[in-house]
Amino acid sequence: MDKAQIARMLEEIGVLLSLKEDSNVYEQRAYENATRALNGLDGDIEQLVKDKKLKGTPGLGPTIIKRIEEAINTGTISFLDELRAQTPAIKLQMLRLPGIGPKKINAIYDHLKVTSMAELEQACKENKVAHLPGFGKKTQDKILEGIDFLSKHTERHRINVAEHEAEQIRAALATLSEVVRLEVAGSLRRRRETVKDIDIVLSVADNADDAIRMKIMDFFTSQPSVATITGKGTTKSSVVLHSGIAVDLRVVTDSHFPYTLHHFTGSREHHIPLRRRAQNMQMTINDYGLFKIVEGKEELVPCQTEADMYAALDMQYVPPELREDMGEIEAATRYALPDLITEHDLQGIIHAHTTYSDGKNTLKEMAEACIERGYSYIGITDHSKAAAYAGGLTLQELEEQWAEIDRLNAEYAGRFRILKGTECDILRDGSLDYDDEILARFDFVIASIHSNFQLSETEQTQRMIRAIENPYVNIIGHPTGRILLERAGYAINLEAVIDAAAEHGVCIEINANPARLDLDWRYVHRARDKGIKVPIGPDAHTLAGLDDMRYGIGVARKGWLRASDVPNTMDAETLLRFFQERRNKKK
DNA sequence: GCCGTTTTCGGCCCGACTGTTTTCAGTCG
């Protein structure tokens, strides 16, 4: 029983509580908070429980600690089992319908006793739902639309897909002369790995009238990417794009812009403690302002930017990526937030493929594309021989690649450098796909798992740790193997992997491919705290793949990384020395 | 269910929007 499993149980309790007839939203929220508190804890949960270390953790009170102990001792939480037994599956399914929440779900269930979405759809078509107390025709239609929508669309979208759509719309809106400020907000601005919808906040001059607002809304809802308009007013309009992503546009006067941008950037979890802090300082925050309460009256605290808002709350500016209630508020009040890495800090690329294995572009094309993008080196890492599916390189092919690299490096004469790397398969038993004599000839080695995903967590973790112990390994590639929205990662104890990497001076990469974004940002923070260096690699198989670095930067920032935590902010010489140091230590 | 620079009880972020009502509950972000 590990932390993640218990956290999932607590989360499920929260969801099931919301569906109880006499539910208490604060009890439900307590379980949500506890879920995050638990996920943020460092160390082995069984040990923490044994040592009675949970007491005092914010968000974990006596009741929930008892439930955690029960989960560890018995493998189950009886309270959760009871809730599961009490909750019909259809209620959980209905929770996914937009505009329908626990109260309406219970009303539908109690009166109509539907047991499936098909039965609910039938009941709507027979006009039964519209006649329930508190319901009407519109709600019934909304349920039908929701059932239709869910059958067509997945719930979330990868960041690159959402960002592309958002950028098209943002660029179009930016052409309007009435627009003063314009920004994409929401989880996209926070650089979450997947997003549910796109939020855009736009400001007009403070004296702009409704006609100007409506002109903007008309322009927005008539964009070619818009499939359906789901709401349209002078302050807010909502659409669904052909790609299935929902987009909300909010139009405010420019003096409201920072407050509205902040509000719609979220996260909700960040706002709750932030507003509590405001309250303690006799202030209140809403979508339209930050107010000081003086003799019972609200006085606007004038802010030009979000930074002004945080300053008014006597705290450091919190960059959007950190707004997840993962310790940033407490750190900001101590003015102790890290100076986060930016794309500008990167000097080179580590982890890219060429036509020698499964890449689509040649060595030279990849190098030239890096030069164009302002990088001073690229670490080429084609697959190793076991990766037959990906055209892994034999020793003979390695010799050819190395010769070509030497030739090109001579041509570049120090202006640019290609590093000889490999993405070497970690074999089933944790040994590497090349012998040490070959590994020693690379400038650096990334070790990755590409096979035997089905091993048990213990076996997979041991396999990974054995690879980490190999003195030639510099970096662990995509440590969980997850493919976002498609495939969960293989079972592995990431904490144990992080501890082993810290002990042996091995880096763990942030794979910047938007389908991976692995190491997950929630663990990046933890790895950093253990002193692990975290390179950002695009895992590029094409020239365009090199542009994925931006997503890796987002994950790095979400993981609180500074430039000094990321090896590819070093110049080539320093980086090579850094990689070499590990081998020297081990010999 | 958690929590405490007035509190161990009585709060818990805040407001807009929608649809159903005739003053408000539910949902959402």
Side-chain angles (χ1 to χ4, degrees), chain A residues 10 13-14 17-18 20 23-37 54-68 79 83 94-108 129-143 145-146 185-190 192 195-201 230-238 246-252 256 259-291 293 298 313 323 325 329:
Chain A
L10 296 179
I13 291 176
L17 278 174
S18 75
K20 266 183 72 165
S23 74
N24 168 358
V25 291
Y26 297 108
E27 183 182 1
Q28 176 204 335
R29 187 176 297 168
Y31 279 94
E32 283 174 15
N33 290 338
T35 302
R36 265 178 312 125
L54 291 183
K55 197 167 170 244
T57 305
L60 300 182
T63 306
I64 291 182
I65 288 177
K66 275 208 196 78
R67 305 226 191 277
I68 294 171
F79 184 54
L83 287 170
M94 284 195 275
L95 210 45
R96 293 174 61 201
L97 293 169
I100 307 299
K103 294 285 178 345
K104 285 207 156 57
I105 288 171
N106 280 323
I108 291 171
V129 173
H131 289 108
L132 297 177
F135 287 66
K137 179 89 172 64
K138 294 240 175 133
T139 306
Q140 180 170 280
D141 288 348
K142 192 189 272 186
I143 292 172
E145 278 169 34
S187 49
L188 196 48
R189 183 164 179 243
R190 299 200 317 276
R192 287 292 285 248
V195 305
K196 192 159 127 283
D197 50 24
I198 296 168
D199 289 291
I200 301 176
V201 180
T230 48
K232 193 171 170 187
T234 53
T235 61
K236 177 188 170 180
S237 292
S238 305
V247 187
D248 286 345
L249 173 66
R250 285 176 175 81
V251 176
V252 296
H256 287 143
Y259 313 106
T260 307
L261 174 65
H262 183 264
H263 181 81
F264 288 106
T265 296
S267 67
R268 182 175 150 266
E269 289 76 13
H270 176 76
H271 283 171
I272 290 172
L274 193 70
R275 289 177 179 193
R276 192 176 301 131
R277 177 176 176 81
Q279 275 190 335
N280 290 340
M281 297 172 71
Q282 277 70 56
M283 290 195 261
T284 179
I285 304 173
N286 64 34
D287 322 11
Y288 297 110
L290 168 64
F291 301 93
I293 301 164
E298 291 185 352
L313 292 165
R323 299 181 197 165
D325 192 25
I329 291 191

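Syn is the conformation of B:dT7, whose glycosidic angle sits no further than 90° from 0.
Pair check for B:dT27 finds B:dA16; Watson-Crick or G-U wobble, both atom distances under 3.5 Å.
In this structure, the side chains of A:Tyr259 and A:Leu290 come closer than 4.5 Å at one or more pairs of heavy atoms. At a threshold of 4.5 Å between non-hydrogen side-chain atoms, the residues A:Ile64 and A:Ile13 do not count as touching. At a threshold of 4.5 Å between non-hydrogen side-chain atoms, the residues A:Lys104 and A:Phe135 count as touching. At least one side-chain heavy atom of A:Leu249 sits under 4.5 Å from a side-chain heavy atom of A:Val251. Looking at A:Thr139 and A:Ile100, their side chains come closer than 4.5 Å, going by heavy atoms from C-beta outward.
Atom CD in A:Glu32 sits roughly 14 Å away from atom C1' in B:dC13 (whole-Å rounding). What separates CG of A:Leu10 from C1' of B:dC2 is a distance of 14 Å, to the nearest Å. In this structure, the CZ atom of A:Arg29 is 15 Å from the P atom of B:dC28, given to the nearest Å. The distance from atom NE2 of A:His271 to atom P of B:dC12 is 18 Å, rounded to the nearest whole Å. Between the C1' atom of B:dC14 and the OH atom of A:Tyr259 lies a distance of 16 Å, rounded to the nearest Å. Following rounding to the nearest Å, A:Arg323 (CZ) and B:dG29 (P) show an atom-to-atom distance of 19 Å. The distance from atom CG of A:Leu97 to atom C1' of B:dT27 is 13 Å, rounded to the nearest whole Å. The distance from atom CD1 of A:Ile285 to atom P of B:dG15 is 11 Å, rounded to the nearest whole Å.
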Report task. Evaluate side-chain contact (heavy atoms from CB on, under 4.5 Å) for A:Ile143 paired with A:Ile108, printing each intermediate quantity in order. Result -> CA-CA 11 Å; A:Ile143 292 172; A:Ile108 291 171; 3.8 Å; yes
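For A:Tyr288, the ring pair (Phe, Tyr, Trp, His ring centres under 6.0 Å) partners two or more places apart in sequence, or in a different chain, are A:His256. Residues passing the salt bridge (charged side-chain N to carboxylate O under 4.0 Å, His left out) test with A:Arg190 are A:Glu324, sequence neighbours excluded.
Taking the P atoms as reference points, B:dT27 lies 15 Å from B:dT21, given to the whole Å. Nucleotides B:dT7 and B:dC2 have their C1' atoms positioned 14 Å apart, rounded to a whole Å. Rounded to whole Å, the separation between the P atoms of B:dG15 and B:dT20 comes to 25 Å. For the P atoms, the distance linking B:dT23 with B:dC28 amounts to 26 Å, nearest Å. As rounded to the nearest Å, B:dT18 and B:dG10 have P atoms that lie 38 Å from one another. Across B:dT6 and B:dC14, the matching C1' atoms stand 24 Å from one another, rounded to whole Å. A distance of about 9 Å separates the C1' atoms of B:dT8 and B:dC3, rounded to the whole Å. B:dT5 sits 16 Å from B:dC13 when the P atoms are compared, rounded to a whole Å.
For the pair A:Gln28 (side chain) and A:Leu17 (backbone), a donor-acceptor distance under 3.5 Å is absent.
OP1 or OP2 of B:dC2 lies within a sub-4.0 Å distance of a side-chain N or O belonging to A:Thr63. Taking side-chain N and O atoms only, A:Asn286 has a distance below 4.0 Å to OP1 or OP2 of B:dG15.
Between the OG1 atom of A:Thr35 and the CG atom of A:Leu10 there is a distance of 5.0 Å, given to the nearest 0.5 Å. A distance of 12.0 Å separates CD1 in A:Ile285 from CZ in A:Arg276, rounded to the nearest 0.5 Å.
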What pairs of nitrogen or oxygen atoms, one from the protein and one from nucleotides 3-6 of chain B, lie under 3.5 Å apart?
from  : atom 1 : to      : atom 2 : distance (Å)
B:dC3 : OP1    : A:Gly59 : N      : 2.5

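Using a 4.0 Å heavy-atom distance criterion, A:Leu17 is classed as making no nucleic acid contact. Backbone-only engagement by A:Ile64 is indicated by non-hydrogen atom pairs under 4.0 Å involving sugar-phosphate atoms exclusively.
If you check residues 274-282 of chain A against DNA chain B, the residues with a heavy atom closer than 4.0 Å are A:Arg275, A:Arg276, A:Gln279, listed by number.
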**Report entry** Footprint string (nucleotides 18-26 of chain B, 5' to 3'): B base within contact, S backbone only, - free, heavy atoms under 4.0 Å
**Finding:** -SSS----S
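Among the candidates A:Asp199, A:Asp287, A:Ile200, A:Thr235, the single residue satisfying the side chain to side chain contact (heavy atoms under 4.5 Å, CB included) test with A:Arg250 is A:Asp199.
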Under 3.5 Å, side-chain donor or acceptor atoms of residues 264-273 of chain A against the rest of the protein: list the pairs with distances, not counting sequence neighbours.
from     : atom 1 : to       : atom 2 : distance (Å)
A:Thr265 : OG1    : A:Arg189 : NH1    : 2.8
A:Thr265 : OG1    : A:Leu261 : O      : 2.6
A:Ser267 : OG     : A:Glu269 : N      : 3.3
A:Ser267 : OG     : A:Glu269 : OE1    : 3.4
A:Ser267 : OG     : A:His270 : N      : 3.1
A:Ser267 : OG     : A:Arg323 : O      : 3.0
A:His270 : ND1    : A:Glu328 : OE2    : 2.8
A:His270 : NE2    : A:Tyr310 : OH     : 2.9
A:His271 : NE2    : A:His262 : O      : 3.2

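Mapping A:His263 and A:Ile65 onto DNA chain B by nearest heavy atom places A:Ile65 at the nucleotide closer to the 5' end.
Of the candidates B:dG1, B:dC17, B:dG29, B:dC17 carries the atom nearest the A:Thr235 side chain, counting heavy atoms from C-beta on.
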